[in-house]
Asker: 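So that we are looking at the same thing, I have put the structure below in structure tokens.
The first residue of the sequence shown is numbered 1, and numbering continues consecutively from there.
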Amino acid sequence: PAAPSAPAESPAATPPASAPAASSPAARAARGERAAGGDGEPELADYSHAAFWQWARGQGLDTQSDVEALIGRPMRGLTPADVRRLIRQARDGG
């Protein structure tokens with residue numbers, strides 16, 4: 001008779017990812033800050049809706065209605081970068 005086969009080894013568990021260090025580029029981008037050194041790296045708040053809203057709340061804009069009232073149009077169809085540009089234009093008067 002055939003010998004029973006050995007149980008297959010299970011792959012090692014992948015350790016959980018840790019949060020980025022507070023001073024890392026990812027953490028700064030999540031807070032809507034520019035990359036250190038002005039190396040041309042785009043801001044996460046221009047691409048991520050979660051990062052955009054964190055940035056907007058820091059500007060005193062807590063709701064979509066607040067933003068739309070300031071920019072004078074619906075946000076629908078706009079990217080976070082578009083909305084940030086419109087907010088800056090509205091605040092700068094032009």
Asker: If the test is side-chain hydrogen bond (donor to acceptor under 3.5 Å, both in side chains), which one of E43, Q59, Q89 qualifies with R84?
Answerer: E43
Asker: Can you tell me how far CE of M75 sits from CG of D82, rounded to the nearest 0.5 angstrom?
Answerer: 10.0 Å
Asker: Please walk me through it: do D46 and R85 pass side chain to side chain contact (heavy atoms under 4.5 Å, CB included)?
Answerer: CA-CA 9 Å; D46 282 341; R85 180 180 44 78; over 6 Å; no
Asker: Do I87 and W55 have side-chain heavy atoms sitting under 4.5 Å apart?
Answerer: yes
Asker: Locate the shortest heavy-atom distance separating P80 from A45; write the atom from each residue and the value.
Answerer: CB-O, 3.3 Å
Asker: Working to the nearest 0.5 Å, report the span between CZ of R91 and CG of L70.
Answerer: 5.5 Å
Asker: Just how far is it from atom CD1 of I71 to atom CZ of R88, taken to the nearest 0.5 Å?
Answerer: 13.0 Å
Asker: Please report the closest heavy-atom contact between L61 and W53, naming both atoms and the distance.
Answerer: O-CZ3, 4.0 Å
Asker: Please give me the minimum heavy-atom distance between D66 and G60, naming the atom from each residue.
Answerer: OD2-O, 4.5 Å
Asker: Measuring only between side-chain heavy atoms, which start at C-beta, is L86 closer than 4.5 Å to R73?
Answerer: yes
